[in-house]
S.K.: 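Provided herewith is a single structure, encoded as structure tokens, for subsequent inquiry.
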Number of protein chains: 2
Amino acid sequence: MADHRDALDDGSQSRELPGRRRRADAQRSVDALLLAAKEVFATSGVDAPVREIADKAGVGIGTLYRNFPQRADLVAAVFRREIDACADAAPLLAGKYAPGDALGRWLQRYAAFIATKRGLASVLHSGNPVFNSLPAYFDQRLQPALRSLLDAAVAAGDVRSDIEPDDLLTAVGRLSMQEHRGRPDHAERMVGLLIDGLRYRAGQASDPSSC
Amino acid sequence: MADHRDALDDGSQSRELPGRRRRADAQRSVDALLLAAKEVFATSGVDAPVREIADKAGVGIGTLYRNFPQRADLVAAVFRREIDACADAAPLLAGKYAPGDALGRWLQRYAAFIATKRGLASVLHSGNPVFNSLPAYFDQRLQPALRSLLDAAVAAGDVRSDIEPDDLLTAVGRLSMQEHRGRPDHAERMVGLLIDGLRYRAGQASDPSSC
DNA sequence: TTTTTATACGGAACATTGTTCCGCTTTGCA
DNA sequence: TGCAAAGCGGAACAATGTTCCGTATAAAAA
């Protein structure tokens, strides 16, 4: 794998230095753009005009396009950043709460991330090759994060042991993907239910013959 | 209900006549536009430029906008037409095949309709008020169509009796909504499975205590 | 049939938004 | 401090949704 960088310099702090250092103002621009884009996407949706983002970031459009050759590159970069933030939250929660709690809180955080991403689904199915690597990135970052929480919770006897990270990510994702008719808290409640379900048979192994 | 006509003259043949008849060329334009739009949407997706549609229909852009004040109105009209066609297929199939067969064929036809509608989901969740009435229209037209097939199949002893039209429409819709990784026939096979499932307990009523 | 008139038509023009280009500025290094 | 590479801003271009209006025509009236 490791191809999640194809054709896209998303302008993180990393950069091979072929002689000269990355200029400080360029890094500032990228940071400002990613921050502004995240806010604008949250407010106006992922279809917001690029100019609005450039304005909010306090840079020119040229600068935006220098760092993100296409609009879609900016969108993908913002998603990657938020995926990273979500994955990075796992060890933090693990250090702060009991294993079962940490797992529950992280799943709710993941659900919240999905829920705010109106347009994530459309973007993923848009056919634009820029987004091709996003699903893999999702798995690559989130599965290990969740697995560590899940393993710890199982080891602590807080939750059952017959569930895979992949199942949970998919289920929570689908539950949170789109708001149910007029019930803004629907996803949160359903995910809560799921978490309780995990706790229900804590300590038991899977038993395929039970009905 | 019956409010699925809000703010939208989709230009079907119906029209209250306040003194003068609807001009024949106008009706021709609408027909040509709907036909062209259907084809263009199928080929290039629902994001295709309006000019392309107008050209294919052999009319000017002005004519397009006279009949469909917004792009979205045209999209909605095309969807309504296809929903109608799908619903209307039910009695035809019912007259031609045995009840169980008719049901199965109709479900596959519905699945095919959903499958070709890349962008249907995005459109429905776009927030554009023009599409607000579409989900209701779906239910209003398709549920009765399916119910008649389902009732007939149950009465003939071809399928089980504990399934509601709504459940089936939703399930088939979700199975067909998006192509599974590289398997174009995935939806069709899964829907086939579902139909076999319907047949499996033909003649039996629902029995919640069986395991 | 001819005249009249409301209706419809076509497409130029306008508005919005993604993208490119390039002259000017700033930064990093010697 | 001087200089070259890197970066910046925004005008200009391109694609596309939408509006406007002079012209054409179908339907009704004469």
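Below, chains carry the letters A, B, ... as their sequence lines are ordered, and counting in each starts from 1.
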S.K.: For B:Ala54, enumerate each residue passing the side chain to side chain contact (heavy atoms under 4.5 Å, CB included) test, keeping only those at least two apart in sequence or located in another chain.
M.R.: B:Val59, B:Leu64
S.K.: With sequence neighbours excluded, what pairs up with B:Asp166 under the salt bridge (Lys or Arg N to Asp or Glu O under 4.0 Å) test?
M.R.: none
S.K.: Check the distance between C:dT26's C1' and A:Gln27's CD and give it to me in whole angstrom.
M.R.: 16 Å
S.K.: Among residues at least two apart in sequence or on other chains, which ones pass salt bridge (Lys or Arg N to Asp or Glu O under 4.0 Å) with B:Asp47?
M.R.: none
S.K.: Can you tell me how far P of C:dT19 sits from CD1 of A:Ile53, to the nearest Å?
M.R.: 11 Å
S.K.: Pair up each side-chain donor or acceptor in residues 86-111 of chain A with any protein partner under 3.5 Å, not counting sequence neighbours, and list the distances.
M.R.:
unit_1	atom_1	unit_2	atom_2	d
A:Asp88	OD1	A:Arg141	NH2	3.3
A:Tyr97	OH	A:Arg105	NH1	3.4
A:Asp101	OD1	A:Arg199	NH2	3.4
A:Trp106	NE1	A:Cys86	O	2.9
A:Gln108	NE2	A:Glu188	O	3.4

S.K.: Are any of A:Ser29's side-chain N or O atoms less than 4.0 Å away from OP1 or OP2 of D:dG7?
M.R.: no
S.K.: With a 4.0 Å limit, can you tell me whether B:Thr63 has a side-chain N or O closer than that to the phosphate oxygens OP1/OP2 of C:dG10?
M.R.: yes
S.K.: Can you sort out the partners of A:Glu52 under salt bridge (Lys or Arg N to Asp or Glu O under 4.0 Å), two or more places apart, ordered by chain and number?
M.R.: none
S.K.: Strictly below 4.0 Å, N to O, side chains only: are A:Asp31 and A:Arg81 in salt-bridge contact?
M.R.: yes
S.K.: What is the distance from CG of A:Asp31 to P of D:dC8, rounded to the nearest Å?
M.R.: 12 Å
S.K.: What is the distance, to the nearest angstrom, from the CZ atom on A:Arg21 to the C1' atom on C:dT27?
M.R.: 10 Å
S.K.: Can you give one letter per nucleotide of nucleotides 17-26 of chain D, going 5' to 3': B for a protein heavy atom under 4.0 Å from the base, S for sugar-phosphate only, - for none?
M.R.: BBB-----BS
